[in-house]
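All remarks here apply to the structure that follows.
Whatever order the structure lists them in is the order used to number ligands and atoms, beginning at 1. Scope of the values below: all heavy atoms of this structure, side chains included, with no hydrogens, waters or symmetry mates.
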Amino acid sequence: MNPKQTDVLIIGAGAAGMMCALTAALRGRSVLLLDHSAKLAEKIRISGGGRCNFTNLNAKPENFLSGNPHFCRSALARYTPQHFMAMLDKHGLKYHEKTLGQLFCDDGSEAIIAMLKSECDAAGVRWCMPCGVDEILSPRPAGERGEGRGDDFFVTTPRGKYRASSLVIATGGLSIPKIGATPFGYKVAEQFGVPMTKLKPGLVPLTFHPEEWAPYAELSGASLEAVVSFGKHSFRENLLFTHRGLSGPAILQISSYWEPGKPLSIDLLPDHDLREMFVQQRGSKMLLGNFLAQYLPKRLAEIVATQWLENKPLNQYAERELRALADKLKNWQITPSGTLGYSKAEVTCGGVDTRALSSKTMECSEVPGLYFIGEVLDVTGQLGGYNFQWAWASGYAAGQAV
Ligand SMILES: Cc1cc2nc3c(=O)[nH]c(=O)nc-3n(C[C@H](O)[C@H](O)[C@H](O)COP(=O)(O)OP(=O)(O)OC[C@H]3O[C@@H](n4cnc5c(N)ncnc54)[C@H](O)[C@@H]3O)c2cc1C
């Protein structure tokens, strides 16, 4: 049977895939959007605790990690948070800024999915889901594809065979496999000789060796605002103690930068330096734990007092002991043993090497007609709506070119 012809075949109907599809279809291209999942855009649905932090007003290239830091610049400049906000306005959807430029949809993430679906439908995008991909063939092997166009891709699926002049891979990263994440995109890169960078879970809780963590495990659920640093990167946000380690926005942020085996530095008292206060309180009979509880959550104050020193009245410590404690509270060095992995990570750091792509179109320089967009690329946003902004911007860039 002859393959069904389409101008553009997009694999992955998530955030980037839908944006690419509607952009290309609005230009008059025939677009087929294929996804193996029965439910549309599950990652958007669960995002932002179901409320979808769909962009960040302050999105800049500096908010993204990549082995090729300037790559994201062009796409981000051509599709800004205001463009996506205009789409919400057009659909009468309300949104609000939570903190730090993070925009959330008042009507929840389902409204964002419905909006993108209706934009795709109005532009004439055809859907093929649930449908996996058995095989992708191109008439000539990677590296021997001709200059320019003309070498179509043939995609075999259980629902039939398709032929497309542009093939867009928008299958995302590895996080949360139980809602459909697969390494499909990386395998396509390998098939066509497109290089990859190293993968690791990002925006993920950190774990510690059980013996080292035992004193803190009972703090599970306690949280405070802290500054967490690794190398030149620092985040001042909430820090959450868990049974196995640390979580909360400050930790998720630093996890994307953290390198195994190396310590993090945590300032548990970003607004105070207790050195001076300890000097003033030298004669006090107040228990150290009670003194610390004025500045730290009570349970944490007790653990610090009993584990880092003994919990004695302040007047029974040597000045140097209290000075050392004050310093440790500002610079607690602690080495994670690992992360909770892809089952709990919000993103995958690393991916298809952007040096092999045009930053204007997302097309592979060595494989004309093959495009990668969204999280499958080695472009990872910080926490706060940046990952969706990258999905929209890269999807739009490819949608203009396919
Ligand atoms: C719990 C959680 C919360 C998040 N919250 C936010 C947030 O609030 N703000 C933010 O900016 N980012 C958030 N993110 C990150 C964000 O969801 C992703 O970065 C974004 O969805 C990536 O878009 P994408 O289109 O590249 O991939 P996805 O949206 O993951 O879409 C990929 C699509 O490809 C399909 N697919 C995968 N493999 C195959 C295959 N083999 N065959 C066919 N189809 C396939 C999948 O079914 C999926 O529909 C969150 C992530 C998680 C896990």
Glu225 side chain to Asn238 side chain, donor-acceptor N/O pair below 3.5 angstrom: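 No, no side-chain donor-acceptor contact under 3.5 Å.
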Would you please say whether a donor-acceptor pair under 3.5 Å links the side chains of Glu237 and Gln253?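 A pair is found: one side chain offers a donor N or O, the other an acceptor, under 3.5 Å apart.
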What is the ring orientation for [X] with [Y], classed by angle as parallel under 30°, tilted 30 to 60°, or perpendicular over 60°?
| X | Y | result |
| --- | --- | --- |
| Tyr386 | Phe64 | perpendicular |
| Tyr396 | His83 | parallel |
| Phe84 | Phe54 | tilted |

Give me the residue, atom name and distance of the protein heavy atom closest to [atom].
| atom | value |
| --- | --- |
| atom 20 (C) of ligand 1 | Phe388 CE2, 3.7 Å |
| atom 14 (N) of ligand 1 | Glu346 OE1, 4.0 Å |
| atom 29 (O) of ligand 1 | Ala15 N, 3.5 Å |
| atom 30 (O) of ligand 1 | Lys43 CG, 3.6 Å |
| atom 28 (P) of ligand 1 | Gly14 CA, 4.2 Å |
| atom 48 (C) of ligand 1 | Asp35 OD2, 3.4 Å |
| atom 27 (O) of ligand 1 | Gly172 CA, 3.5 Å |
| atom 6 (C) of ligand 1 | Ser47 CB, 3.6 Å |

Under 4.0 Å from ligand 1, counting heavy atoms only, is it the side chain of Trp390, its backbone, both or neither?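 Under 4.0 Å from ligand 1, Trp390 contributes no heavy atoms.
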Under 4.0 Å, heavy-atom basis, I'd like to know which part of Ile176 is in contact with ligand 1: side chain, backbone, both or neither.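 The answer is the side chain.
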For Asn68 and Thr354: C-alpha separation, side-chain torsions, deciding distance, then whether side chain to side chain donor-acceptor pair (under 3.5 Å) applies. CA-CA 7 Å; Asn68 184 13; Thr354 57; 3.0 Å; yes
Distance check, rounded to the nearest 0.5 Å: [X] atom [atom1] versus [Y] atom [atom2]?
| X | Y | atom1 | atom2 | answer |
| --- | --- | --- | --- | --- |
| His91 | Ile112 | NE2 | CD1 | 10.0 Å |
| Arg73 | Arg78 | CZ | CZ | 13.5 Å |
| Tyr95 | Asp106 | OH | CG | 10.0 Å |

Can Glu302 and Arg299 be counted as an ion pair, charged N to O under 4.0 angstrom?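 No.
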Subset of ligand 1 atoms that lie under 4.0 Å from at least one heavy atom of [X]:
| X | result |
| --- | --- |
| Glu375 | 18 (C), 19 (O), 20 (C), 22 (C), 26 (O) |
| Asn53 | 7 (C), 8 (O), 9 (N), 10 (C), 11 (O) |
| Tyr386 | 11 (O) |
| Ser37 | 47 (O) |
| Gly374 | 26 (O) |

Is it true that [X] lies under 4.0 Å from ligand 1, counting heavy atoms only?
| X | result |
| --- | --- |
| Ala170 | yes |
| Ala41 | no |
| Ile46 | yes |

Check against side-chain contact (heavy atoms from CB on, under 4.5 Å), Leu264 and Tyr257: CA-CA 10 Å; Leu264 300 175; Tyr257 297 92; over 6 Å; no
Cation over ring face, Arg163 and Phe154, 6.0 Å, 45°: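 So Arg163 doesn't make the cation-pi contact.
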Check each of His36, Met19, Gln102 against atom 40 (C) of ligand 1 and report the one with the nearest heavy atom.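 Answer by nearest heavy atom: His36.
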Do Tyr216 and Trp332 have ring centres separated by under 6.0 Å?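 Between Tyr216 and Trp332, the centre distance is under 6.0 Å.
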So, is [X] polar-close to ligand 1, with some N/O to N/O distance under 3.5 Å?
| X | value |
| --- | --- |
| Gly48 | yes |
| Gly12 | no |
| Thr182 | yes |
| Gln389 | no |
| Ala16 | yes |

Applying salt bridge (Lys or Arg N to Asp or Glu O under 4.0 Å), name anything that partners Asp121, two or more places apart in sequence or on another chain.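 Residues passing salt bridge (Lys or Arg N to Asp or Glu O under 4.0 Å) with Asp121: Lys117.
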